[in-house]
Participant: 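Would you mind keeping the following structure in view while I ask a few things?
Computed from a predicted structure; not experimentally measured.
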Amino acid sequence: QVPLVESGGGVVQAGGSLRLSCAASGRTFRGYAMGWFRQAPGKEREFVSVISWSGSDTYTADSVKGRFTTSRDNAKSTVYLQMNTLQPADTAVYSCAAGTLLSSKPAAYTYWGQGTQVTVSS
């Protein structure tokens, strides 16, 4: 398995920033695309962004485009989600996932972290 552990969540005021991290351990991180998803209470899981293994390709949901950026450091087996200009609508549990495809579909991902809570107050 590729255990994934997210960190960096918390409570922030609207307009603020947070950077989430997702660290992989165990089996090599190598070769996997890494996605970020979020799920707000009572809502379905929503795609946020995905980054290829090389980092050369990224895709971001329209709802966060221009505010959220994903990156990765393969030497550290870690992927990041930089979130700027946060809004109350961004409040959710954010999870990272590893898979072999660049996809916005949760079913395309094999490994998942447990998630980290992000709460944006107005």
Side-chain angles (χ1 to χ4, degrees):
Q1 294 187 349
V2 183
L4 303 173
V5 180
E6 301 94 339
S7 62
V11 180
V12 63
Q13 289 189 332
S17 299
L18 283 174
R19 188 177 80 156
L20 304 184
S21 299
C22 172
S25 61
R27 182 188 293 183
T28 182
F29 184 62
R30 184 176 182 83
Y32 286 101
M34 297 297 297
W36 285 99
F37 292 80
R38 67 185 183 184
Q39 189 166 21
K43 296 188 176 181
E44 293 187 353
R45 182 174 283 169
E46 176 188 14
F47 168 75
V48 175
S49 68
V50 60
I51 186 167
S52 62
W53 154 249
S54 67
S56 61
D57 296 303
T58 61
Y59 299 96
T60 305
D62 289 342
S63 59
V64 302
K65 194 170 293 182
R67 299 188 298 122
F68 290 13
T69 303
T70 189
S71 61
R72 66 192 295 163
D73 184 341
N74 289 341
K76 297 181 178 179
S77 297
T78 301
V79 64
Y80 304 98
L81 182 67
Q82 178 66 44
M83 306 186 294
N84 298 327
T85 320
L86 283 160
Q87 305 165 0
D90 296 318
T91 295
V93 173
Y94 285 72
S95 300
C96 63
T100 58
L101 300 174
L102 283 175
S103 176
S104 64
K105 306 298 184 185
Y109 292 83
T110 305
Y111 305 106
W112 290 82
Q114 292 190 332
T116 184
Q117 177 71 46
V118 171
T119 302
V120 184
S121 61
S122 56

Participant: Treating Ile, Leu, Val, Met, Phe, Trp and Tyr as nodes and any side-chain heavy-atom pair under 4.5 angstrom as an edge, say whether Leu81 and Trp53 lie in one connected cluster.
Facilitator: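 Yes, Leu81 connects to Trp53 through the hydrophobic network.
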Participant: In Å, rounded to the nearest 0.5 Å, how long is the span from OG of Ser122 to CD of Gln13?
Facilitator: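 One gets 9.5 Å once the value is rounded to the nearest 0.5 Å.
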Participant: Side chain to side chain contact (heavy atoms under 4.5 Å, CB included), that's the test. Do Thr69 and Tyr80 meet it? Break it down for me.
Facilitator: CA-CA 8 Å; Thr69 303; Tyr80 304 98; over 6 Å; no
Participant: Could you tell me whether a side-chain N or O of Glu6 sits under 3.5 Å from a main-chain N or O of Cys96, the two making a donor and an acceptor?
Facilitator: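 Checking the backbone N and O of Cys96 against the side chain of Glu6, a donor-acceptor pair under 3.5 Å is found.
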Participant: Is any side-chain heavy atom of Lys76 closer than 4.5 Å to one of Ser21?
Facilitator: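 Side-chain contact under 4.5 Å: no.
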Participant: Main chain of Gly15, side chain of Thr85: is a donor-acceptor contact present, judged purely on distance under 3.5 Å?
Facilitator: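 No: the side chain of Thr85 does not pair with the backbone of Gly15.
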Participant: State, to 0.1 Å, how close Pro106 and Ser104 come at their nearest heavy-atom pair, and which atoms those are.
Facilitator: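 Heavy atoms only, the tightest pair is CD-O, 3.7 Å.
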Participant: What pairs with Tyr109 under ring pair (Phe, Tyr, Trp, His ring centres under 6.0 Å), at least two apart in sequence or on another chain?
Facilitator: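 For Tyr109, the residues satisfying ring pair (Phe, Tyr, Trp, His ring centres under 6.0 Å) (neighbours in sequence not counted) are Phe37.
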Participant: Does Val64 share a hydrophobic cluster with Leu18, counting links as ILVMFWY side-chain heavy atoms below 4.5 Å and allowing steps through other members?
Facilitator: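 Val64 clusters together with Leu18.
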Participant: Do side-chain atoms of Ser103 reach the backbone of Leu101 as a donor and acceptor pair under 3.5 angstrom?
Facilitator: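 Side chain of Ser103 to backbone of Leu101, a donor-acceptor pair under 3.5 Å: no, none is there.
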Participant: Can you tell me how far apart CD (Glu46) and CD (Gln39) are? Round to the nearest 0.5 Å.
Facilitator: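 Answer rounded to 0.5 Å: 10.0 Å.
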Participant: Is any side-chain heavy atom of Thr70 closer than 4.5 Å to a side-chain heavy atom of Val50?
Facilitator: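 No; the side chains remain at least 4.5 Å from each other.
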Participant: Would you say that Ser49 contacts Ile51 through its side chain, given a criterion of any heavy-atom pair below 4.5 Å between the two side chains?
Facilitator: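 SC-SC contact between Ser49 and Ile51 ruled out.
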Participant: Does Trp112 share a hydrophobic cluster with Leu102, counting links as ILVMFWY side-chain heavy atoms below 4.5 Å and allowing steps through other members?
Facilitator: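 Same cluster.
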Participant: Once you round to the nearest 0.5 Å, how far does CZ of Phe47 lie from OG of Ser63?
Facilitator: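 That separation rounds to 9.5 Å.
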Participant: Under the rule for side-chain contact (heavy atoms from CB on, under 4.5 Å), what residues qualify as partners of Val120, not counting sequence neighbours?
Facilitator: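 Val12, Ala14, Leu86, Pro88, Asp90, Thr91, Val118.
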Participant: Should Cys22 and Leu20 be marked as a side chain to side chain contact (heavy atoms under 4.5 Å, CB included) after you check the CA-CA gap, both sets of side-chain angles, and the distance that decides it?
Facilitator: CA-CA 7 Å; Cys22 172; Leu20 304 184; over 6 Å; no
Participant: Is it true that Tyr111 and Met34 fall in one hydrophobic cluster, defined by side-chain heavy atoms closer than 4.5 Å?
Facilitator: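 Per the 4.5 Å side-chain linkage, Tyr111 and Met34 are co-clustered.
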Participant: Quick check: are there more than 12 heavy atoms from other residues, nucleotides or ligands sitting under 6.0 Å from CD of Gln82?
Facilitator: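 Enclosed: over 12 neighbouring heavy atoms sit under 6.0 Å from CD of Gln82.
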Participant: When rounded to the nearest 0.5 angstrom, what distance separates CZ in Arg45 from CZ in Arg38?
Facilitator: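 Result: 13.5 Å between the selected atoms.
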Participant: For the pair Phe68 and Tyr94, name the ring-plane relationship: parallel under 30°, tilted 30 to 60°, perpendicular over 60°.
Facilitator: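 Tilted: the ring planes of Phe68 and Tyr94 meet at 30° to 60°.
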